[in-house]
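The first residue of the sequence shown is numbered 1, and numbering continues consecutively from there. Atoms within a ligand are numbered from 1 in the order they appear, just like the ligands themselves.
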Amino acid sequence: MQQKRKINLAGWIIICMLAGILVGFVFLLAAPKSTFTTDYLKPIGTIYINLLKFMVVPVVLFSIMDGVISLNDLKRVGSVGVRTFIYYMCTTAVAVVIGLVVVNCFKGFFPVLDSSVTDSLEYTAAEAPKVMDVIVGIFPDNLFKPMVEANMLPVICIAIFFGAGILAAGEKGKKIGELVNCMNEITMKVLMMIIKLTPIGVFCLMADVVAVNGAKIVGSLALVIGVAYIGYILHVIIVYGCSIKFLSGMSPIAFFKGLAPAMLTAFTTTSSNATLPINIECCNEMGAEPEISSFVLPLGATINMDGTAIYQAVCAVFIACCYGVDLTLGQMAMIVLTATLASVGTAGVSGAGMIMLSMVLMSVGLPVEGIAIIAGVDKLFDMGRTTLNITGDATAAMWVSKVERKKMAAKAVK
Ligand code: ASP
């Protein structure tokens with residue numbers, strides 16, 4: 001008897017995403033003035049995102065604490081932390097360089113806008129924080145405020161300190177360590193319930209994105225979006241493909257297949273934070289060590305943004321072209337530096353990368369108002385860049401897991 005093939009979560013997400021795109025196009029073409037998708041479908045998508053978001057603080061807090069405790073040794077926490085941080089910064093710097101190379105290849109096709117157009121642009125930049133402020137902001141002055149505001153860098157700091165405290169307390173910390181482990185398990189179970197709703201959320205969000213943005217993708221904006229996506233794809237193939245194949249010793253195809261539910265969720269929710277739980281789940285299924293993924297992935301969702309870095313490089317050069325400015329090599333190097341640092345300060349939420357773009361523009365003396373040119377289609381950039389952001393985190397989890405496994409095996413032999 002032939003067995004009926006069951007469609008898995010990734011399958012359902014793809015089906016619902018395509019259905020959403022179709023519905024979006026129907027509204028775009030048949031009823032372009034209708035606000036049905038925004039009024040009725042988007043709110044359902046928002047409910048889904050809200051459910052994911054409210055879990056972010058408990059997930060990050062308990063998973064990082066649990067990760068630190070299960071590493072069982074403060075020295076190991078340090079070595080995993082440093083290795084992860086270096087990996088994140090290097091891949092992000094490479095991402096900016098890829099973005100700059102690609103955008104420079106297409107520079108000739110970008111328009112120089114008339115000064116009457118550029119003068120009329122208005123964009124009030126939400127204040128981009130200074131680099132030192134980002135660093136100071138990592139360290140909380142209050143235990144609860146960062147959790148209430150879902151300010152993830154200080155939440156990570158709190159989790160690492162308390163995890164380390166529990167380890168340092170030895171026998172006395174054991175019971176609390178077990179409690180943290182139970183809380184982590186419970187949080188994950190709640191998440192699994194929410195994750196089951198992903199196809200519905202994805203359908204509603206996609207339909208609205210297409211219905212609202214479809215008409216805007218014309219002319220040079222389509223070109224610059226295309227250029228960003230070429231950068232995204234190159235980074236996935238070159239950096240992530242090589243990292244998975246050579247550092248983690250895994251088949252890239254199996255990796256991308258295993259990560260598909262997380263990548264599709266990132267694509268539609270445009271939030272690394274909201275995708276974090278699914279990312280942890282996918283990486284663990286693919287063989288990442290749970291104590292590593294629960295430390296490396298929340299950290300990555302907050303500080304590792306390769307897609308955002310590519311986007312910032314591409315948009316900085318595009319905006320420069322619109323204003324008729326030719327960036328020098330020195331300015332390009334400045335973009336690499338600021339975009340890499342900006343990615344640490346970018347929150348893993350929808351649209352945060354655009355706010356940090358002002359920091360990059362200012363660093364090379366470009367008018368922040370230029371963001372107004374691309375702001376209308378930021379969502380479309382964001383879908384790709386968030387997908388990249390979480391994929392980069394997953395490659396780190398796989399690699400660090402492999403290194404730690406090797407180390408443990410070597411220790412066991414000794
Ligand atoms: N939406 C991105 C993320 O959550 C951040 C950004 O806007 O670049 O990873």
Report, in ascending order of atom number, the atoms of ligand 1 lying under 4.0 Å from any heavy atom of [X].
{"X": "Thr308", "value": "5 (C), 6 (C), 8 (O)"}
{"X": "Thr270", "value": "1 (N), 4 (O)"}
{"X": "Gly353", "value": "6 (C), 7 (O), 8 (O)"}
{"X": "Asn389", "value": "2 (C), 3 (C), 9 (O)"}
{"X": "Ser271", "value": "4 (O)"}
{"X": "Asp382", "value": "1 (N), 2 (C), 6 (C), 7 (O)"}

Could you tell me whether the side chains of Asn184 and Ser63 share a donor-acceptor contact shorter than 3.5 Å?
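Their side chains do not contain a donor-acceptor pair, so the 3.5 Å distance test is not met.
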
Going by atom types alone, do Tyr48 and Thr269 pair a side-chain donor with an acceptor below 3.5 Å?
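The answer is no; no qualifying pair exists.
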
Could you check Thr387, Asp382, Asn389 and say which one makes a side chain to side chain donor-acceptor pair (under 3.5 Å) with Arg385?
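Only one of Thr387, Asp382, Asn389 forms a side chain to side chain donor-acceptor pair (under 3.5 Å) with Arg385, namely Asp382.
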
So, Tyr229 versus Tyr232, ring centres under 6.0 angstrom or not?
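Yes - the distance between ring centres of Tyr229 and Tyr232 falls below the 6.0 Å cut-off.
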
Protein contact of [atom] - nearest heavy atom, named by residue and atom, plus distance:
{"atom": "atom 2 (C) of ligand 1", "answer": "Thr386 OG1, 3.3 Å"}
{"atom": "atom 9 (O) of ligand 1", "answer": "Ser272 OG, 2.4 Å"}
{"atom": "atom 5 (C) of ligand 1", "answer": "Val349 O, 3.6 Å"}

Which bit of Arg385 is near ligand 1, meaning a heavy atom under 4.0 Å away: side chain, backbone, both or neither?
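Under 4.0 Å from ligand 1, Arg385 contributes side-chain atoms alone.
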
For ligand 1, the portion of Met305 having any non-hydrogen atom under 4.0 Å away
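Contact part for Met305 vs ligand 1: side chain (C-beta onward).
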
Do the non-hydrogen side-chain atoms of Met147 and Ile158 ever get within less than 4.5 Å of each other?
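Yes, side chains in contact.
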
Please check if the number of heavy atoms outside Phe36 that lie under 6.0 Å from its CZ is greater than 12.
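Above 12, so yes.
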
Are the charged groups of Lys189 and Glu185 less than 4.0 angstrom apart, N to O?
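The answer is yes: the pair qualifies as a salt bridge.
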
Under a 4.0 Å N-O cut-off, is there an ion pair linking Lys379 with Asp208?
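The answer is no: the pair does not qualify as a salt bridge.
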
